[in-house]
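Every chain is numbered from 1 and lettered A, B, ... according to where its sequence line falls, protein lines coming before strand lines.
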2 protein chains.
Amino acid sequence: MGLNCADSVLLDRYVKRKRIVKRGQVLYRVGEEFAHAYAIRSGSVKTCISTDDGRLQITGFHIPGELLGLNAVDENRYNCEAVALETTSVCEISASCFEELARQIPSMHYQMLRMMSREVKHNQKLMLLLGKKNAEERLATYLLNLSRRFAMRNFSSTQFNLSMSRGDIGNYLGIAEETVSRTLTRFQEEGMIICERRLIILKDVKRLSGIAREFNPAIAQVIPLLRPTPRL
Amino acid sequence: MGLNCADSVLLDRYVKRKRIVKRGQVLYRVGEEFAHAYAIRSGSVKTCISTDDGRLQITGFHIPGELLGLNAVDENRYNCEAVALETTSVCEISASCFEELARQIPSMHYQMLRMMSREVKHNQKLMLLLGKKNAEERLATYLLNLSRRFAMRNFSSTQFNLSMSRGDIGNYLGIAEETVSRTLTRFQEEGMIICERRLIILKDVKRLSGIAREFNPAIAQVIPLLRPTPRL
DNA sequence: CTTCCGAATTGGTTCAGATCAAGCTACAAC
DNA sequence: GTTGTAGCTTGATCTGAACCAATTCGGAAG
């Protein structure tokens with residue numbers, strides 16, 4: 001995200017070297033171990049995430065003077081490539097400043113950083129969902145996400161209560177509440193779930209997963225980023 | 001976002017008191033000075049942002065065991081209210097742990113935190129755009145955002161080059177590249193911009209702002225959150 | 001100069017999902 | 001019990017934007 005002049009000065013001692021990157025060249029990929037942050041000097045760069053079938057959602061463009069790659073407390077979660085017609089050049093910034101960061105803050109505060117990082121991750125997935133998924137995919141993604149979170153807290157992962165209304169779910173997923181209702185009904189007719197008002201029982205998680213088209217870092221790495229985004 | 005058991009233990013000494021919140025009750029509002037974080041004990045809670053005309057986008061639901069409010073390095077940027085039919089209870093967590101955090105880390109690293117925070121802010125706005133805005137609003141928002149960022153870096157704010165293709169813009173904004181093209185043409189016909197391939201000249205920023213329906217914290221505070229989300 | 005090719009524009013058609021409308025259901029208040 | 005009501009479901013219609021297709025434009029390479 002944005003970096004103003006005051007910020008830049010502070011980063012100077014970490015700058016390693018300047019690089020020219022070709023259009024379409026990938027600076028880093030989702031899931032790769034974190035190596036550098038970059039300050040854009042000219043041209044511009046985009047960051048994106050993708051579904052497991054290769055639909056891309058661009059999450060941001062970065063113009064000269066801006067910095068990127070700093071959201072990676074544990075691992076990168078965007079792909080990132082140069083996008084401008086003109087020459088794009090960047091400064092590499094050493095990863096060592098992050099190691100320092102990790103060493104210097106007490107563990108409790110590091111946990112908080114990790115939580116902010118998780119927040120970013122959640123937002124990524126929601127953006128991908130809002131930008132590129134259809135109603136069925138949105139609902140399936142949502143149910144599986146809830147399931148996983150309940151499991152993590154030692155509740156049943158296949159049977160739970162939606163504590164939120166259809167309207168709220170629709171708002172969250174960017175669809176109308178009627179569409180939520182219809183889609184849940186269809187899932188039920190096809191035997192994937194049992195859905196009685198707020199009670200949800202997942203009957204066929206595998207098929208739901210197939211529909212959800214979730215973010216998949218492993219596959220994201222091999223997408224030829226120069227190609228236009230595949231249509232739904 | 002999620003908080004696992006290990007995290008919880010670390011936070012214990014900051015827990016202040018337990019609170020029962022009624023359905024629809026607002027825990028905190030966008031723009032308010034930061035006061036507490038909350039750990040959900042029962043029920044559930046939603047966080048949301050809104051456009052200046054009151055369209056809400058829910059950005060997350062929080063179930064028991066989860067923590068929220070920690071993304072606020074400088075100020076809150078969600079509204080947050082209880083959403084479950086059943087009783088929702090939460091633990092307040094003292095803000096002092098954040099002050100401690102701010103004191104303990106060196107200023108350069110604090111800058112990085114602020115940048116992560118800005119990243120979250122950007123993602124918020126993008127989610128609102130992807131979830132609740134139509135094509136015109138998306139484009140207007142995008143042009144004004146670019147304008148502001150160029151101005152911040154001492155470029156002209158009313159005349160600049162899009163370094164990205166129509167396809168990339170469309171992908172980012174969650175619309176087809178043909179729609180980008182058509183909408184820019186319409187803006188031009190209506191005299192709001194001059195648009196010649198990648199060159200953009202903004203002629204009527206005020207009208208564009210009117211269309212963009214940007215996030216507006218001041219108004220977000222008075223939205224009656226119990227009402228169903230207004231339709232577009 | 002000409003050729004080529006990717007990017008952009010413009011027109012026409014289609015469709016997923018919004019919107020409008022009418023019941024239905026479960027539960028709370030009395 | 002009855003009434004009221006918010007939440008949910010289902011059906012019918014409408015529409016914004018996707019999709020498909022055909023040019024046009026502009027810069028790069030020869």
N/O to N/O distances under 3.5 Å, protein versus nucleotides 22-29 of chain D:
{"unit_1": "D:dC25", "atom_1": "O2", "unit_2": "B:Arg197", "atom_2": "NH2", "d": "3.4"}

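- With rounding to whole Å, B:Arg186 atom CZ is found 13 Å from C:dG11 atom P.
- Atom-to-atom distance recorded for B:Leu146:CG and B:Leu162:CG is 6.5 Å, nearest 0.5 angstrom.
- Using a 4.0 Å cut-off, some side-chain N or O of B:Thr179 falls inside it from OP1 or OP2 of D:dA18.
- The list of ring-ring contact (aromatic ring centres under 6.0 Å, His included) pairs with a residue in residues 163-206 of chain A, not counting sequence neighbours, reads A:Tyr142-A:Tyr172, A:Tyr172-B:Phe61.
- Each end of the helix from C:dC1-D:dG30 to C:dC30-D:dG1 gets its own rotation axis from five pairs of C1' atoms, and the angle between them is 50° to the nearest 10 degrees.
- Under the salt bridge (Lys or Arg N to Asp or Glu O under 4.0 Å) criterion, B:Glu190 pairs with no residue at all, not counting sequence neighbours.
- Take B:Ser181 and apply the side chain to side chain contact (heavy atoms under 4.5 Å, CB included) test, not counting sequence neighbours, and it matches no residue.
- Every residue two or more places apart in sequence or in another chain was checked for a salt bridge (Lys or Arg N to Asp or Glu O under 4.0 Å) with B:Arg197, and none qualifies.
- For the pair B:Ile175 CD1 and D:dC19 P, the interatomic distance rounds to 12 Å; values are reported in whole Å.
- Across all strands shown, A:Gly170 has no heavy atoms under 4.0 Å from either base or sugar-phosphate atoms.
- Rounded to an integer number of Å, the gap from CZ of A:Arg138 to P of C:dA16 is 14 Å.
- Under the rule for a ring pair (Phe, Tyr, Trp, His ring centres under 6.0 Å), the partners of A:Phe150 that lie at least two apart in sequence or sit in another chain are A:Phe155, A:Phe160.
- We find that CG of A:Leu199 is positioned 15 Å from C1' of D:dC8, with the value rounded to whole Å.
- The separation between B:Leu129 atom CG and D:dA17 atom P is 12 Å, rounded to whole Å.
- Atom CZ in B:Arg198 sits roughly 10 Å away from atom P in C:dT9 (whole-Å rounding).
- Nearest-nucleotide positions on DNA chain C for A:Gly174 and B:Glu189 put B:Glu189 closer to the 5' end.
- Between B:Ile193 and B:Leu208, the closest side-chain pair of non-hydrogen atoms falls below 4.5 Å.
- OP1 and OP2 of C:dG6 both lie 4.0 Å or more from every side-chain N or O belonging to B:Ser165.
- No N or O donor and acceptor, one from the side chain of B:Glu177 and one from the base of D:dC19, sit under 3.5 Å apart.
- Applying the 3.5 Å distance criterion, the base of C:dG11 shares a donor-acceptor pair with the side chain of B:Arg182.
- Within the structure, ring-ring contact (aromatic ring centres under 6.0 Å, His included) contacts touching residues 192-212 of chain A (residues at least two apart or in different chains) do not occur.
- We find that CD of A:Glu178 is positioned 14 Å from P of C:dA22, with the value rounded to whole Å.
- For B:Ile201, the side chain to side chain contact (heavy atoms under 4.5 Å, CB included) test picks out B:Gln159, B:Ile194, B:Leu199, B:Lys203, with sequence neighbours left out.
- One can place NZ of B:Lys133 at 18 Å from C1' of D:dG16, the figure rounded to the nearest angstrom.
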